[in-house]
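The basis for the numbers below is simple: all heavy atoms, side chains too, and nothing from hydrogens, waters or symmetry mates. Both ligands and their constituent atoms are indexed starting at 1 by order of listing. If you're wondering where the values come from, they're calculated on a predicted model, not measured in any experiment.
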Amino acid sequence: MTDRYAVIGNPISHTKSPLIHTLFAQATGQDMAYTALLGTPGAFAQDVAAFRQAGGLGMNVTVPFKIDAFACATEPTDRARMAGAVNALKFDGDRILADNFDGIGLTRDVTHNLGVSMTGKRVLILGAGGATRGMLMPFLAEQPDKLVIANRTLATAESLVNEVMAKAPGSPLAACGYADVKGGFDLVFNATSASLQAELPPLPVTAFAPGCLAYELAYGKGLTPFLKLAQQAGVTQLADGVGMLVEQAAEAFEWWRGVRPVTKPVIAQLTVPLV
Ligand code: NDP
């Protein structure tokens with residue numbers, strides 16, 4: 001029987017995950033089907049139970065269910081615990097294993113695909129939401145010189161920094177508001193959802209150091225206001241989140257199937273030019 005997987009979210013019609021996993025399955029010869037499920041707000045656990053009963057072996061989880069998925073996991077990884085959010089589930093009898101591959105997928109895209117090291121670098125993250133929560137541990141593992149989180153609501157960034165510092169004392173981590181972003185950074189990540197509304201966080205252009213990488217986590221939107229700002233500031237290394245999307249999918253695929261898919265051709269197929 002063909003093994004069944006799915007991505008669950010609401011809305012879900014925009015998702016690229018079925019295409020990505022189908023390409024991975026074809027390339028690795030895995031007998032599996034991967035579909036998109038429209039989740040029911042307030043009934044996430046029931047939706048998961050129905051999929052498991054129908055023989056489902058694993059799920060990806062997207063907005064707005066990542067926190068519900070963490071709540072229904074019986075065995076979240078440390079990474080998922082740190083993020084307090086989950087983007088992949090694996091079912092094994094009564095066990096619901098859970099992980100969060102967003103941060104590790106992004107780190108792999110930056111260091112492996114784009115060839116940009118974070119070690120000893122000054123790193124700035126804009127936003128302190130779910131995506132940022134998943135990024136912090138994998139980024140700290142790369143040993144940056146400093147890692148600053150700038151957020152519109154300063155208290156959210158500060159409480160996230162305090163949470164991480166309690167678990168990883170001595171981390172080179174700080175929080176600030178946009179007006180207090182001082183000095184240039186070697187890597188700047190836009191992990192706000194501002195681009196989804198074509199808005200721009202009030203970031204000073206001095207945030208971009210010469211030779212900087214500007215990375216927009218949203219994908220498929222061409223030159224977002226953030227990437228335009230970076231370009232106007234003279235940044236030549238621009239990227240969007242398509243590589244992150246495909247790399248987190250590859251992590252989940254390997255976790256489920258025990259086979260590592262090659263990501264480069266899939267990223268190439270999904271890439272929208274940054275114009
Ligand atoms: P959340 O809703 O959890 O967090 C949103 C963040 O954006 C908050 O920090 C919020 O600040 C900030 N924000 C929203 N609007 C504005 C604005 N106009 N100006 C300044 N700050 C703003 O979102 P996620 O963390 O889940 O997602 C963030 C981004 O990452 C999205 O673009 C999403 O598409 C992308 N993403 C991409 C993935 C990929 O695979 N490529 C995977 C996951 C996410 P405040 O706290 O003040 O409200």
- request: Could you tell me whether Thr153 approaches ligand 1 through its side chain, its backbone, both or neither, with non-hydrogen atoms closer than 4.0 Å?
  value: both
query: Which one of Ala85, Ala198, Pro201, Ala128 has a non-hydrogen atom at the shortest distance from atom 20 (C) of ligand 1?
result: Pro201
message: Can you confirm, on distance only, whether ligand 1 has an N/O atom lying under 3.5 Å from any N/O atom belonging to Met244?
response: no
- prompt: What atoms of ligand 1 come within less than 4.0 Å of a heavy atom belonging to Thr192?
  reply: 6 (C), 7 (O), 12 (C), 13 (N), 21 (N), 22 (C), 28 (C), 29 (C), 31 (C), 32 (O)
query: Does some non-hydrogen atom of Ser193 fall short of 4.0 Å from ligand 1?
result: yes
- request: Could you tell me which atoms of ligand 1, counted from 1 in the order shown, lie closer than 4.0 angstrom to a heavy atom of Gly127?
  value: 9 (O)
field: Close N or O approach (Lys66, ligand 1; < 3.5 Å)
entry: no
- prompt: Looking only at N/O atoms, are Tyr178 and ligand 1 under 3.5 Å apart anywhere?
  reply: no
message: Quick check for you: to the nearest 0.5 Å, what is the distance between Met32 atom CE and Phe24 atom CZ?
response: 9.5 Å
task: Consider every N or O of Glu199 and every N or O of ligand 1, then say whether any pair is closer than 3.5 Å.
output: yes
task: Going by heavy-atom distance to atom 27 (O) of ligand 1, choose the closest among Ala194, Ala131, Ala218, Gly241.
output: Ala131
Residues that Asp31 engages under side chain to side chain donor-acceptor pair (under 3.5 Å), provided they are two or more places apart: Thr2
statement: Taking only non-hydrogen atoms of Leu217 and a 4.0 Å limit, the atoms of ligand 1 in range are 30 (O), 35 (C), 37 (C), 39 (C), 41 (N)
Ionic contact status for Arg79 with Asp99, cut-off 4.0 Å: yes
Ion pair check, Arg260 and Glu251, cut-off under 4.0 Å: yes
task: Would you kindly specify which portion of Pro202 sits under 4.0 Å from ligand 1, judged on non-hydrogen atoms: side chain, backbone, both or neither?
output: neither
message: Less than 4.0 Å from atom 14 (C) of ligand 1, is there any heavy atom belonging to the protein?
response: yes
task: Could you walk me through whether Phe139 and Phe189 pass ring pair (Phe, Tyr, Trp, His ring centres under 6.0 Å), step by step?
output: CA-CA 11 Å; Phe139 275 23; Phe189 294 88; 4.9 Å; yes
field: ligand 1 atoms in contact with Gly129 (distance to a heavy atom under 4.0 Å)
entry: 3 (O), 4 (O), 9 (O), 25 (O)
- prompt: Any donor-acceptor pair under 3.5 Å linking the side chain of Lys121 with the backbone of Ser117?
  reply: yes
